[in-house]
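To start, the structure under review is shown below, and the notes come after it.
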Amino acid sequence: MSDRKFPFPFDKFESKWQRIWDDEKTFKVSNPGEPGFDASKPKYYVLDMFPYPSGSGLHVGHPEGYTATDIVARYKRQMGFNVLHPMGWDSFGLPAEQYAIKTGQHPTVTTNANIDTFRRQLKMLGFSYDWDREVATTDPKYVRWTQWIFLKLYNSYYNTELQKARPIEELEAQGLSREDIDNQRLAYVADGMVNWSPDMGTVLANEEADEWRDKGHIVERRKLRQWMLRITAYAERLIDELEPLDWPEGIKLLQRNWIGKSQGAEVIFDCQGHDIVVYTTRPDTLFGATYMVLAPEHDLVDQISTPEQKEAIAAYQESCASKSDLERTELSKDKTGVFTGAYATNPVNGKLIPIWIADYVMTGYGTGAIMAVPAHDSRDFEFASKFELPIIQVVAPDKADTPWKDFVGYDGTMVNSDYLDGLSVTAAKAAMITWLGENGVGQGKTNYKLRDWLFSRQRYWGEPFPIVWNQKDGNHYAISESELPLLQPEMEDFQPSGDPRGPLVKATEWINYSEYCTRETNTMPQWAGSCWYYLRYLDPNNEEQFVAPEIQNYWMDGGVDLYVGGTEHAVLHLLYARFWHKVLFDYGLVSAPEPFYKLVNQGLILGADNQKMSKSRGNVVNPDDIVCEYGSDSLRLYEMFMGPLKEVKPWQTKGVEGVSRFLARVWRVAMMENQAGEWVINSKLSAEEPAGLSPVRKEVHKTIKKVGEDIESLSFNTAIAKMMECTNTMTAADSVCVSDYVLLLRALNPFAPHLAEELYSILAAAYPELEQVQISAMSWPSYNAEFLIENEKEIVIQVNGKLRDKLMLPVDISREDAEALALASARVQEFVAGLTIRKVVVVPGRLVNIVAN
RNA sequence: GCCAGCUUGGCGGAAUUGGUAGACGCGCUCGACUCAAAAUCGAGUUCUUCGGAGUGCGGGUUCGAGUCCCGCAGCUGGUACCA
């Protein structure tokens, strides 16, 4: 640090306090049963989304959420809660592996170096984490329990009657075959289409594929044997149990849409003795079905298509198969398809309708076949218009001026539909489902867009599956819990082999588990570790259990109280973690059905140019630079002062200067420079109590009230504005009482803890009557409500809604008196001259509005 | 296309149930201090033809609308033929 003189000497005290907090473990919190645990206090669990420790270190986006939770944590501690506020590392990830491929350096080395950087940077910002609870997903002691939870999933099935996970042994006891059992596991093996990158030698998650493709890598679809997690079994619970959570509505909606529940019916159509089952959400429109569409890959296509159409069908199928997903969406504007030559019988009226194939119907959803009702479905309408297929109206819109063609709304009445005629859409839907059931040609059916979770990756730097394959019977088996953690073998060559089984196939010794058994070479995705880290914080060093029940019961009663992180995890991480949590809940291993009771998404911080920060744009702000120049408290304060936590907002370094000036003013209320240029206690500070209620004291108590309320509602920007006002009042005053000043420091402490500690320690040394402790150990100050009572209030006088005068009136003035005084105002007289007063509106304590014309 | 969110001075943003629009901060202007500058302190800062007009645009409800209702535009994010 240079000798440069700063407006207040943060360079002299910030690192000092960080060291003290670290050495004294100021923010350590004990678990039930441990010495120092105070069972009389309520608990508060405030959680950050833990970072991926990238090579480039912290960016200014990280401290935004972390400062917010730190303010809440410090505030709640001052309010008398046992506060659990931990931090850790989501440390598996592709960059460390890519770096290893390039340099040959083991990912552990890079990962640990990055973690060290992140830890140093976070400590530099003075966050009040209990560092004794730090976890890293790459730590073997952590990997062990990630694998243990995976085995829980592997050894479970979903009991649809009980609606919960149960041990696989129950199925064994029922005498089910090995195959039937394997088909019900929550972790199972299946062939699936995945994103495979031959040049990187790995599969990619859907959400990663575009990113890498943009960087010039090849990504193609390939059918591979993969591990899947049966998240679809939990679809209903994942929707229902979302409702009561205190989450942003937008995020709930995103999850609901992702799960994509729809209610409709399966209907069986006959085609030359073949049953073709279609799924529809609109069984009410069955009389309007004028043709049928099968997905090009549908099993029955070859069997039903007529000889003369075979060639065209084959050509179309081939063109669809060769198209990438990207091309398919790009071409989505124009509908394509081919007639099979075959016809199906509509079960409700016996009519024959032509069967087509088209790529707007997909295999993966529903039954891969649809009945087309062009009158009341936009896609069918488009297709029918193009290929000149008949369009029959079956719904009449209730709104008179709405055309029936392409009317997809539910506010309509059935027509041309035999026994449904005259019914509302909703009633017809129910009536048709009943009819289908009675006639054995269909049934009500609920579908979900949610797919099972593709859980395996062909990577080195991830948790290996604790699974071996028996080469004799071809089955997979779990290794025993005593063999956990199962770590990746030491390898020197991380180069991709091009083998879709992943780089671990090169570890020939490691693979051979026993005479007949070889190890699974896939690894788990990065999500695995982040699915349960919030639970490991509770009991990070437990070697017997992933968390001890009594500790879990205490901290997770009602779930995590506040979870703050970015919207980028709105669906995946938050959905995956909820899923794992529910499996653990089914086994009674966690006490709340949901992990995160309250969720808040902090808004993205943009560059000064209002663009997303990125190296290529050159608008990235490095927190280290800001801390050097203005100090950690200034960075913390600025990030909170920029605007509401949830909003997107641009970075302005000039703004940091503003809050830095504010902190300097706080400093200078208590401190002044003597002739030698040293900071000494300001002579305007006085130990004497002021006579009566001073303006400063009044302002301080108002500030305490406002700041407390604002922290509760996470409105940190307005809390800071209020403290600025309070400080300005103190700066303007000739004398400030020490006890009033200390109240401000205690309110400021969660925001700017270094400054608050330093100033308080200086004052505590000079004024023995002050409590001789660290300010972090002090309670949240309470305000005296009597100080806030106003005798008089400024009342606005309006004429016809326009501001014409302001009067200071007693707060308890009667309506009549207020009205009379308002009318007596000279300004009012001026504006009502020549008009008749029609009405006078009096809002006590606010305004008087005189209506005249 | 669909869904969600947003739109307030030169800029970031404030505004209980509808009740003084522009708190607080940045920037800018002027003043004090200084040989000078920086820093600091103080005053001012929506526009204005000084009547008024103003919260993306057009309507509406109301004594009164940034806030509520209807219609439209723009920006940001999500999603992509899910039957």
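The sequence lines fix the lettering, A, B, ..., with proteins before strands; numbering per chain opens at 1. Values below: all heavy atoms of this structure, side chains included; hydrogens, waters and symmetry mates excluded.
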- [ ] Check the chi torsion on G25(B) and let me know: syn if it falls within 90° of 0, anti if not.
- [x]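 Anti conformation for G25(B).
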Task: Chi-based syn or anti call at G42(B), which uses purine or pyrimidine torsion atoms and a 90° bound - done: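 Glycosidic conformation of G42(B): anti.
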Describe the nucleic acid contact of [X] in one word from base, sugar-phosphate, nothing, applying a heavy-atom distance below 4.0 Å.
{"X": "V843(A)", "value": "base"}
{"X": "N800(A)", "value": "nothing"}
{"X": "E249(A)", "value": "nothing"}
{"X": "V851(A)", "value": "sugar-phosphate"}
{"X": "K649(A)", "value": "sugar-phosphate"}
{"X": "P644(A)", "value": "sugar-phosphate"}
{"X": "S262(A)", "value": "sugar-phosphate"}

- [ ] Report yes or no: is the cationic atom of R665(A) (NZ for Lys, CZ for Arg) under 6.0 Å from the centre of the six-membered ring of F8(A), at an angle within 45° of the ring normal?
- [x]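 That pair does not qualify as a cation-pi contact.
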TODO: State whether Y360(A) and K335(A) meet the cation-pi test: NZ (Lys) or CZ (Arg) under 6.0 Å from the six-membered ring centroid, and within 45° of the perpendicular axis.
DONE: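 Yes, cation above the ring, under 6.0 Å and within 45°.
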- [ ] By nearest nucleotide on RNA chain B, pick out whichever of M642(A) and F831(A) is the more 5' one.
- [x]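 Comparing both residues, the 5'-ward one is M642(A).
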Task: First of N849(A) and N610(A) reached from the 5' end of RNA chain B, by closest nucleotide - done: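 Checking each residue's closest nucleotide, the 5'-ward one belongs to N610(A).
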When the [atom1] atoms of [M] and [N] are compared, how many Å lie between them, rounded to an integer?
{"N": "G18(B)", "M": "U55(B)", "atom1": "C1'", "answer": "15 Å"}
{"N": "G5(B)", "M": "U20(B)", "atom1": "P", "answer": "26 Å"}
{"N": "G66(B)", "M": "U61(B)", "atom1": "P", "answer": "16 Å"}
{"N": "A43(B)", "M": "C24(B)", "atom1": "P", "answer": "11 Å"}
{"N": "A83(B)", "M": "C75(B)", "atom1": "P", "answer": "30 Å"}
{"N": "U16(B)", "M": "C6(B)", "atom1": "P", "answer": "15 Å"}
{"N": "U7(B)", "M": "G22(B)", "atom1": "C1'", "answer": "16 Å"}
{"N": "C68(B)", "M": "U49(B)", "atom1": "C1'", "answer": "35 Å"}

Open item on the list: Whether E709(A) and K722(A) form a salt bridge (side-chain N of Lys/Arg under 4.0 Å from carboxylate O of Asp/Glu) is what I want to check.
Closed with: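 Looking at K722(A) and E709(A), the cut-off is not met.
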Open item on the list: With a 4.0 Å cut-off on N to O distance, would you call K261(A) and E236(A) a salt bridge?
Closed with: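 So K261(A) pairs with E236(A) through a salt bridge.
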- [ ] Report the residue from F381(A), F387(A), F269(A), F383(A) that forms a ring pair (Phe, Tyr, Trp, His ring centres under 6.0 Å) with Y291(A).
- [x]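 By the ring pair (Phe, Tyr, Trp, His ring centres under 6.0 Å) criterion, Y291(A) pairs with just one of F381(A), F387(A), F269(A), F383(A): F383(A).
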Among [options], find the nucleotide with the atom closest to the side chain of [X].
{"X": "E657(A)", "options": "G27(B), G12(B), C81(B)", "result": "G27(B)"}
{"X": "N257(A)", "options": "C3(B), C41(B), G78(B)", "result": "C3(B)"}
{"X": "Y279(A)", "options": "A83(B), G19(B), A4(B)", "result": "A83(B)"}
{"X": "Y365(A)", "options": "A83(B), G25(B), C81(B)", "result": "A83(B)"}
{"X": "E725(A)", "options": "U20(B), C24(B), C63(B)", "result": "C24(B)"}
{"X": "F641(A)", "options": "A23(B), G25(B), C3(B)", "result": "G25(B)"}
{"X": "W258(A)", "options": "G25(B), U79(B), G42(B)", "result": "U79(B)"}
{"X": "Q652(A)", "options": "A14(B), A53(B), C11(B)", "result": "C11(B)"}
{"X": "I370(A)", "options": "G25(B), U40(B), A83(B)", "result": "A83(B)"}
{"X": "E647(A)", "options": "C63(B), C81(B), C6(B)", "result": "C6(B)"}

Short side-chain N/O contact to [N] OP1/OP2 from [X], under 4.0 Å:
{"X": "K839(A)", "N": "C63(B)", "value": "yes"}
{"X": "R661(A)", "N": "G27(B)", "value": "yes"}
{"X": "R846(A)", "N": "U17(B)", "value": "no"}
{"X": "R256(A)", "N": "G78(B)", "value": "no"}
{"X": "K654(A)", "N": "G27(B)", "value": "yes"}
{"X": "N717(A)", "N": "A14(B)", "value": "yes"}

Who is the Watson-Crick or G-U wobble partner of [N], with both distances under 3.5 Å?
{"N": "A4(B)", "answer": "U76(B)"}
{"N": "A32(B)", "answer": "U40(B)"}
{"N": "G66(B)", "answer": "none"}

[X] [atom1] to [N] [atom2], straight-line distance once rounded to whole Å:
{"X": "L847(A)", "N": "A65(B)", "atom1": "CG", "atom2": "P", "answer": "12 Å"}
{"X": "L663(A)", "N": "C26(B)", "atom1": "CG", "atom2": "P", "answer": "12 Å"}
{"X": "E699(A)", "N": "A23(B)", "atom1": "CD", "atom2": "P", "answer": "15 Å"}
{"X": "D609(A)", "N": "C11(B)", "atom1": "CG", "atom2": "P", "answer": "16 Å"}
{"X": "Y360(A)", "N": "C81(B)", "atom1": "OH", "atom2": "C1'", "answer": "9 Å"}
{"X": "L606(A)", "N": "G77(B)", "atom1": "CG", "atom2": "C1'", "answer": "11 Å"}
{"X": "K706(A)", "N": "A23(B)", "atom1": "NZ", "atom2": "P", "answer": "14 Å"}

Task: Ring geometry between F6(A) and F10(A) (parallel below 30°, tilted from 30 to 60°, perpendicular above 60°) - done: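 Ring orientation, 0 to 90° scale: tilted.
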Open item on the list: Students often mix this up, so state it plainly: with edges at 30° and 60°, are the rings of W651(A) and Y638(A) parallel, tilted or perpendicular?
Closed with: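 Correct class here is perpendicular.
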TODO: Return yes if a side-chain donor-acceptor contact under 3.5 Å exists between S825(A) and D805(A), otherwise no.
DONE: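 Short answer, yes.
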Task: Side-chain donor/acceptor contact of K722(A) with base of C24(B) under 3.5 Å - done: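 Counting by modelled atom types and ignoring angles, no donor-acceptor contact under 3.5 Å is found here.
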Task: Identified side-chain hydrogen bond (donor to acceptor under 3.5 Å, both in side chains) counterpart of E64(A) within the set R636(A), Q602(A), K649(A) - done: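 Exactly one option meets the side-chain hydrogen bond (donor to acceptor under 3.5 Å, both in side chains) with E64(A), and it is K649(A).
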